[in-house]
Amino acid sequence: MTGDTPVRTTEDTPDIPSWPDSQWYDQEAGPLVRPYAVTGGRTQAGPAGTRLDLIALVALGGAAARADEDTSLGPEHRSLIELCRTETLSVAELAAGTGLPVGVVRVLLGDLVERGCVTVSRPVPPAELPDERILREVIEGLRAL
């Protein structure tokens with residue numbers, strides 16, 4: 001059969017239609033989409049050198065308002081933008097909110113950063129944090145007041 005007509009049903013769940021080359025994960029999920037299909041086979045986020053840590057904070061950028069008009073953005077891109085509309089979230093929170101693997105979210109965020117739809121605030125590297133000894137001296141000085 002052709003078109004939108006199912007060609008067979010699965011043996012363990014006869015009420016779920018099956019199309020050629022489709023694999024159903026469970027009754028509610030529908031056909032399973034592999035992560036590499038969502039990212040177009042890419043495994044790196046955006047331009048070379050872009051690093052998105054799990055705790056990097058993602059906020060909406062100026063081009064987010066025009067994201068609805070961009071036909072090159074997939075539904076996963078749009079889900080990330082929608083999650084960021086209400087508040088700034090970390091990469092890990094976005095992965096949890098979309099149900100996508102962190103690696104996929106990093107690639108999709110790289111696309112959104114390139115388009116200006118989101119901005120990423122990277123955490124301070126440990127080498128740039130103040131020395132613990134200095135912080136203890138400050139605390140002791142404050143207690144002495």
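This is a predicted model, so every value here is computed, not measured. Residue numbers count from 1 along this sequence.
Closest of all the heavy-atom pairs between D111 and H77 is OD2-NE2, 2.9 Å. The shortest non-hydrogen separation linking V91 to R106 is CG1-CG, 4.2 Å. Smallest separation of non-hydrogen atoms from A95 and V105: CA-CG2, 3.6 Å. Taking every heavy atom of both residues into account, G97 and L83 meet most closely at C-CD1, 3.9 Å.
Contact check for V58 versus L94: side-chain heavy atoms found under the 4.5 Å cut-off. Side-chain contact check for L135 versus D131: every heavy-atom pair is 4.5 Å or farther apart. Side-chain contact check for I81 versus L112: some heavy-atom pair is nearer than 4.5 Å.
A salt bridge links R85 with E82: the distance from a Lys NZ or Arg NE/NH1/NH2 to an Asp or Glu carboxylate oxygen falls below 4.0 Å. Look at R136 and E132 and you find a salt bridge, because one of the NZ, NE, NH1 or NH2 atoms lies within 4.0 Å of a carboxylate O, short of that distance.
In this structure, R122 contributes its side chain and A56 its backbone to no donor-acceptor pair below 3.5 Å. For the pair E93 (side chain) and S90 (backbone), a donor-acceptor distance under 3.5 Å is present.
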Passes side chain to side chain contact (heavy atoms under 4.5 Å, CB included), R115 versus V113? Steps please.
CA-CA 5 Å; R115 287 180 169 82; V113 167; over 6 Å; no

If you apply the rule side chain to side chain contact (heavy atoms under 4.5 Å, CB included), what do you find for L80 with L109, and how did you get there?
CA-CA 8 Å; L80 292 170; L109 286 174; 4.1 Å; yes

In sequence, state the C-alpha distance, the side-chain angles, and the governing distance for V120 and L52, and then conclude on side chain to side chain contact (heavy atoms under 4.5 Å, CB included).
CA-CA 8 Å; V120 178; L52 298 172; 3.6 Å; yes

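Residue-environment remark: CD1 (I55) stays at or below the threshold of 12 foreign heavy atoms within 6.0 Å.
A continuous path of hydrophobic side-chain contacts links V138 to L145 [ILVMFWY only; heavy atoms under 4.5 Å].
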